[in-house]
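Both counts, for ligands and for their atoms, begin at 1 and track the order of listing.
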Amino acid sequence: MDTITLTGIRAQGTHGVLEHEHTRPQPFIVDVAIELDLRAAGRSDALDDTVDYGRAAKAIVGIIEGEHVDLIERLAQLVADALLAFERVRRVTVTVHKPHAPITVPFTDVSVTITRDAEDCLTAPADDDVAVGDCGDYSNHKDCGDRHEGSARSVHHVVLSLGANQGGNTAAITGVLRDAVRQLDAIEGTQITGVSSLYRTKAWGMPQNTPDFLNAIVLASTTRRPRELLQTIHDIEQSAGRDHGQHWASRPLDIDIIDVDGMVCDDPTLTLPHPRAWQRAFVLVPWAQVDCDAQLAGPHGGKVTELARNTPDAHSVEVVCDDWMVAQADNLGNPDTQGD
Ligand SMILES: Nc1ncnc2c1ncn2[C@@H]1O[C@H](COP(=O)(O)OP(=O)(O)OP(=O)(O)O)[C@@H](O)[C@H]1O
Ligand SMILES: Nc1nc2c(c(=O)[nH]1)N=C(CO)CN2
C-alpha cells in the first residue's frame, strides 16, 4: 500500500472535558498517514486517481473547528471517518496533538494515535441500492433523488448556501446559522469539510428596504441521497422558524443545495446546480473563498472565482467575520443594519 502523509495541520478548536475548554479555543495539531493504492495516479497523473491532499487538509480543519467533543480520541475518530469517506482510501493513521492541554505539570505535548481501516466504517444504509463502477458522468439526470452514482459508499460532495436576514441582531442571526451548520454536521453520514467566512450581503432580488442578509457557504461530504439531504435541510429550516409559504421573502434561515458532485439535473424538486447560483454574488464570493478551485457545473457554469468576479453586485458582499463558528458575539465585526 502507498501513503500520503500530511503533518502539522493546525487549527483552533473548543474540545476538552473542562468547562472553559468548551468555549475558549486552543490549538489542535493533526498528522495523518492516508494509505491507498497510488499506482493509477502514478500512471495517469490525474487528481481523480488519488486523494486531493488539499481537500483532505480542509476536511481536517473543518473537524477541528467544528462541533465540540470532549476527547482527542473522539476527534481522531472523526478525522479518520472523514478521510475514509474519500474514495480509494484503505487505511488511515491519525495523530491528534493537544499541546495546550490542561495538564498541571510542565509538558511538551499530549497526543493520541489511532489506525482505522475502510472496512471499519462501511456506513451505506442497508436499503441503499449502491451502484459500483461508473461514477464519472452525472450530466442531465432527470431525477437527482433516486440514482446512486458514485463510489461504493456513495459519498457525495455537496456545497450548501446558508442565509438569513430575520430573527434579531447580527449575533442572533449568526447563532442561527451556526446552529444550522452544527445540525448539518450531525446528519448521519455527513461531515462538514469547509465553512466560509460570514458575509453581509444586500438582499438580492428583493425590495430595496429589505434588511441585509448574512450568508455563508458550507462544504460537506455525505452518504445521504440528495433528496434525503433536501428533506433534512427543510426540517432544519423549519426548526429555525422558516415558513416555506413565501418565495424570496425575508427569512430566519434558508439553506440551498448549490452543487452535488457537479451533477446537472432539471428536477424542479431539486435542481442542480442551484439554478440561480451563477448570478448570485452572495453564493459565489463565499464559495470562491472556501474553495478557490471550485467549478460550477451546468450551462452557466465555470470557475467560481471568475463567476464571482463578474457578478455586478460582488462589491455588495462583505466579510463580517472569518471565525464566526467560534467567535464571541462582540467579535462579529462591523456595526450593522441588523438592529444591534
Ligand atoms: N438546489 C436546490 N436547493 C434547494 N431547494 C431547491 C433546489 N432546487 C429546487 N429546490 C426546490 O425549491 C423549493 C423552494 O425553495 P426555497 O423556499 O428555499 O426557495 P427560495 O429560497 O425562496 O428561492 P431560491 O431557490 O431562489 O433561493 C424547495 O421546496 C425545493 O424543493
Ligand atoms: N443577499 C441575499 N439575497 C437573497 C438571498 C440570500 O440568502 N442573500 N436569498 C434569496 C432566496 O433564497 C434571495 N435573495
- request: Ignoring hydrogens, just give me the one of Leu272, Ile258, Thr269, Leu230 whose non-hydrogen atom is nearest atom 4 (C) of ligand 1.
  value: Leu230

- prompt: Parallel, tilted or perpendicular: which describes the rings of Trp204 and Phe282, with under 30° parallel and over 60° perpendicular?
  reply: perpendicular

Sequence neighbours left out, cut at 3.5 Å: what donor-acceptor pairs do the side chains of residues 36-45 make with other protein atoms?
residue, atom, partner, partner atom, Å
Asp37, OD1, Arg39, N, 3.0
Asp37, OD1, Arg39, NE, 3.1
Asp37, OD2, Arg39, NE, 3.3
Asp37, OD2, Arg39, NH2, 2.7
Ser44, OG, Ala40, O, 3.0
Ser44, OG, Ala46, N, 3.1
Ser44, OG, Asp49, OD2, 2.5

Write out each pair where an N or O from ligand 2 and one from the protein are under 3.5 Å apart, with the distance.
residue, atom, partner, partner atom, Å
ligand 2, 1 (N), Thr201, OG1, 2.6
ligand 2, 1 (N), Lys202, O, 2.7
ligand 2, 3 (N), Trp204, N, 2.8
ligand 2, 7 (O), Asn215, ND2, 2.8
ligand 2, 8 (N), Asn215, OD1, 2.9
ligand 2, 12 (O), Arg251, NH1, 3.3
ligand 2, 12 (O), Asp254, OD2, 2.8
ligand 2, 14 (N), Trp204, O, 2.7

- prompt: Is Arg280 touching ligand 1 with its side chain, its backbone, both, or neither, if touching means heavy atoms under 4.0 Å apart?
  reply: side chain

message: Yes or no: does Pro268 have any heavy atom under 4.0 Å from an atom of ligand 1?
response: yes

message: I'd like to know if Asp212 pairs up with Lys202 as an ion pair, taking the criterion as any Lys NZ or Arg NE/NH1/NH2 lying under 4.0 Å from an Asp or Glu carboxylate oxygen.
response: yes

task: Heavy-atom distances under 4.0 Å are what count here, so tell me which part of Pro273 touches ligand 1: side chain, backbone, both or neither.
output: neither

message: Taking salt bridge (Lys or Arg N to Asp or Glu O under 4.0 Å) as the definition, give me every residue that meets it alongside Arg251, ordered by chain and number, with sequence neighbours left out.
response: Asp254

query: Salt bridge between Asp267 and Arg227, side-chain N to carboxylate O under 4.0 Å?
result: yes

- request: Answer yes or no for Glu237: is there a heavy-atom contact with ligand 1 below 4.0 Å?
  value: no

field: Part of Arg227 with heavy atoms under 4.0 Å of ligand 1, whether side chain, backbone, both or neither
entry: neither

- request: Could you tell me whether some N/O pair between Arg251 and ligand 1 is separated by less than 3.5 angstrom?
  value: yes

query: Does any N or O atom in Asp254 lie less than 3.5 angstrom from one in ligand 1, N or O only?
result: yes

Pairs involving residues 293-317, ordered by first then second residue, that meet salt bridge (charged side-chain N to carboxylate O under 4.0 Å, His left out) (sequence neighbours left out): none

